[in-house]
Amino acid sequence: LTSTIKDPYPDWKPGEPVPYAALCKTFSLVEMTTKRLIIMEHCALFLRQVMRLTPDDLLPTVLLMINKLAPDYAGIELGIGESLIMKAIGESTGRSLAVIKADQKEIGDLGLVAVKSRSTQPTMFKPKPLTIRGVHKGLMGIATLSGNGAQGRKVDAIKKLLSSADSANPGKVDITKDKGGPSEAKYLVRFLEGKLRLGLAERTVLVSLAQAVVAHETFQKDKVPSTADIDKAESILKTVYSELPSYDVIIPAMVDHGIMNLRDHCKLRPGVPLKPMLAKPTKAITEVLDRFENQTFTCEYKYDGERAQIHYVAKDSEETLSQATQGAGKEVGGGVASIFSRNSEDLSKKYPDILAKLSTWVKEDTTSFVLDCESVAWDVTEKKVLPFQQLMTRKKKDVKIEDVKVKVCVFAFDLLYLNGESVVEKPLRERRTLLHKAFQPIEGEFSFATSMDGQELDDIQTFLDESVKASCEGLMVKMLDGTESGYEPSKRSRNWLKIKKDYLSGIGDSLDLVVLGAYYGKGKRTSVYGAFLLACYNPSSDSYETVCNIGTGFSEVVLEELHKQLSDIVIDRPKPFYTHASSGQHQPDVWFEPRYVWEVKTADLTLSPRYKAGIKEGVDPAGEKGISLRFPRFIKVRDDKKPDEATSSRQVAEMYRKQESVTKSKGPAVDDDF
Ligand code: ATP
């Protein structure tokens, strides 16, 4: 970064759209190494070149690097299955679907199948080379196609992109060499599948972006960036992104105003959902006391519903709900509001009843806010919280207020923004005071999370018992004072601990796992799947590592429902980014696209040669056994989590280690659950 760079992409002139081939060249360099620093260097060099030559393309470049088309809250998803991609590859290269399928069976990587198909195709004419902005636009077009015949039109649009692919660097690519090389077709197909598989974490792109921009800015002043400049730029971009996770807003601001001034232009704002702060699991109250030794903390009921981040701006305020969510804000009495889920999806169409009542609990001098809450099913007759299962029966979209049968009450536990100002850095005690001042509780509609500030073990135990009697899951224990008690967006923090009643004697928490495969049912279950293969997610290798088979906890109705849902995403063979035992006897009968996340309970964790969870985390010194769940039990489908938000391999390893330090061997491993 401290040197002037050579021009590795001679075809790309200042001001011209960035060639897609240039990005693919960078991808291919990244794919050849596993070293994070080298990956970062390749990315930073390329981004710096974009910033220098064509800053207008910086946004689509970053988006294509992180395998996204828009911020999460925009709700834009490609949602394209393997079969559609195979059809498009076949049709664009004049090969039959049967041949493509056979190749896929043999090669196992659709990206490489596309490369192979293109290299056998005679090139009659040379289409115009792809550009980054053209690819982004094309993919966006595919994602937003809907209505009659959408599938067919999607195939046509993919074909169009694929036919122009590799025209910048034609010639035969040998798929056995260099992981397929810098082929555009390969990366296009992988983008469509939702996994670039470069080992390029979003965080790495963010840091590279900061480095690239600070280097560019300093070189423009004929200076060389110092380490302190680079550190400062990285820290600014990380903070800004955590409060305003939208490259669509940040990148143009950075190009216009420079990275060092970014905080003045990009702040938390109503309309752009933040990634929520998360908690660490604990399995004993004493563990909580050890953690918060000599520090004040507070306990709150842990409500069992759905996380809801509520954004609001009053009509007569000088602010507006951010442009970034154009059209998403709903008119509510006196203002405009939006509700977002744990993973930033717009929930406004699910909770029109919350929006309708919102103005009654907002006090008059509260002009704008962002609230962190849990929406919980509410028993109107008994005037109490209902279990999560009741909330699940609500429709997810296009809910009409008059049809709502399960009422919800909003329990607010944090305030992130108030009257034009971000309050995330204030201590929790202050945020709580502001929260209580700005809102008016209304029974059964809006309430503050019940809390208790006692610091003794007995107090906590009694409060935990009360929370469970009140149909809650347990407690959240949070740092109350000092800088550490600030709200940390997107972090799983030691300053928030969860104590779940059910897990006090087990591993401290349930796990959220991705369904990768299934086994046909036996006996009563012959028409449905009887058991499933589940995996956790490893963000460093961007892969899914198997962790258990599960066949317990499903009712007949649920099994039928799951069979219907999963039949639509069956694939011929495991994806190359599934890490599972290779031996034949352990293979499931069918494999699925990685789409659904299920919450699962377990008695404890054990090591097994059959599963691969956490195998790179050093739990087994020989590196042969992964972690697996003993006696896993299905709890529920987690609609609010995407597969890459499943429990990570590191978290599974942490749970395993913690359990190891408390209890020693529990006898032989029981890996199977049929
Ligand atoms: P994780 O990724 O931590 O497993 P999760 O969504 O599965 O996240 P839980 O383990 O159930 O979450 O614990 C945190 C969740 O508890 C929050 O996301 C929120 O929805 C819910 N919650 C209920 N009451 C509170 C509270 N008082 N404070 C914070 N979160 C609460």
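- Classification of K68 and E202 as a salt-bridged pair holds, one side-chain N sitting under 4.0 Å from a carboxylate O.
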Evaluate side chain to side chain contact (heavy atoms under 4.5 Å, CB included) for V515 paired with W598, printing each intermediate quantity in order.
CA-CA 7 Å; V515 194; W598 294 353; 3.3 Å; yes
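- Between atom CG of residue L533 and atom CZ of residue R610 there is a gap of 8.0 Å, rounded to the nearest 0.5 Å.
- At a threshold of 4.5 Å between non-hydrogen side-chain atoms, the residues E624 and P609 do not count as touching.
- Look at R630 and D604 and you find a salt bridge, because one of the NZ, NE, NH1 or NH2 atoms lies within 4.0 Å of a carboxylate O, short of that distance.
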Would K195 and Y544 satisfy side chain to side chain contact (heavy atoms under 4.5 Å, CB included), going step by step from the backbone distance to the final call?
CA-CA 12 Å; K195 285 253 171 299; Y544 296 98; 3.6 Å; yes
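- Residues that satisfy the side chain to side chain donor-acceptor pair (under 3.5 Å) test with K302, not counting sequence neighbours, are E473.
- For T298, the side chain to side chain donor-acceptor pair (under 3.5 Å) test picks out R432, D453, with sequence neighbours left out.
- At a cut-off of 3.5 Å, with distance as the only test, no side-chain donor of Y611 or T606 sits close to an acceptor on the other residue.
- In this structure, the separation between CD on E77 and CD on E345 is 6.5 Å, given to the nearest 0.5 Å.
- A parallel orientation is assigned to the rings of Y303 and F411, their planes being inclined by less than 30° (bins at 30° and 60°).
- Note: F554 and F532 meet the aromatic proximity criterion, with ring centroids under 6.0 Å apart.
- Pairs passing the side chain to side chain donor-acceptor pair (under 3.5 Å) check and including a residue from residues 557-568, sequence neighbours excluded, do not occur.
- Under the side chain to side chain donor-acceptor pair (under 3.5 Å) criterion, N67 pairs with no residue at all, not counting sequence neighbours.
- Partner E599 forms a side-chain contact (heavy atoms from CB on, under 4.5 Å) with one of L511, D512, D509 and no other, that one being D512.
- Formation of a donor-acceptor pair under 3.5 Å by the S467 side chain with backbone atoms of G474 is found in this model.
- In summary, E484 and R291 engage in a salt bridge, as defined by a charged side-chain N under 4.0 Å from a carboxylate O.
- At most 12 heavy atoms of other shown residues, nucleotides or ligands fall within 6.0 angstrom of atom NZ in K101.
- Side-chain N/O atoms of Y351 and E306 include a donor and acceptor closer than 3.5 Å.
- Closest heavy-atom contact between S344 and K275: OG-NZ, 3.4 Å.
- Of all non-hydrogen atoms in H580 and W591, the two that sit nearest each other are CD2-CH2, 3.8 Å.
- Between the side chains of Y519 and N549, at least one donor N or O sits under 3.5 Å from an acceptor N or O.
- By the side chain to side chain donor-acceptor pair (under 3.5 Å) test, D459 pairs with no residue at all, sequence neighbours left out.
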After noting the C-alpha distance and the side-chain angles of K350 and S375, does the key distance pass the side chain to side chain contact (heavy atoms under 4.5 Å, CB included) rule?
CA-CA 11 Å; K350 180 172 181 185; S375 110; over 6 Å; no
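- A donor-acceptor contact shorter than 3.5 Å links the side chain of E593 to the backbone of E82.
- Salt bridge present: K396 and D639 bring a charged side-chain N and a carboxylate O closer than 4.0 Å.
- Note that the CG atom of L607 and the NZ atom of K625 stand 6.5 Å from one another [nearest 0.5 Å].
- Checked by atom type and distance alone, the side chain of T602 never pairs as donor or acceptor with a backbone atom of P632 at under 3.5 Å.
- Screening R190, Q104, K575 against D109 for a side-chain hydrogen bond (donor to acceptor under 3.5 Å, both in side chains) leaves a single residue, R190.
- Ion pairing between a basic and an acidic side chain is recognised when a charged N comes within 4.0 Å of a carboxylate O; K407 and D353 show no such pairing.
- Checked by atom type and distance alone, the side chain of R492 never pairs as donor or acceptor with a backbone atom of L278 at under 3.5 Å.
- At least one donor-acceptor pair under 3.5 Å links the side chain of T282 to the backbone N or O of K498.
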Would you please test Y241 and S490 for side-chain hydrogen bond (donor to acceptor under 3.5 Å, both in side chains) and show each step?
CA-CA 10 Å; Y241 189 76; S490 77; over 6 Å; no
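- Under the 3.5 Å distance criterion, the side-chain polar atoms of D372 are left unmatched by any main-chain donor or acceptor of F413.
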Would I85 and E193 satisfy side chain to side chain contact (heavy atoms under 4.5 Å, CB included), going step by step from the backbone distance to the final call?
CA-CA 8 Å; I85 302 175; E193 282 192 290; 3.7 Å; yes
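- Between the side chain of R650 and the backbone N or O of P539, no donor-acceptor pair lies under 3.5 Å.
- Applying the salt bridge (charged side-chain N to carboxylate O under 4.0 Å, His left out) test to E466 and every residue at least two apart in sequence or in another chain returns nothing.
- Between E545 and K616, no side-chain nitrogen of the basic residue sits less than 4.0 Å from a carboxylate oxygen of the acidic one, so the salt-bridge criterion is not met.
- Aromatic ring pairs are classed by plane angle as parallel below 30°, tilted from 30° to 60° and perpendicular above 60°; the pair Y301 and F463 is tilted.
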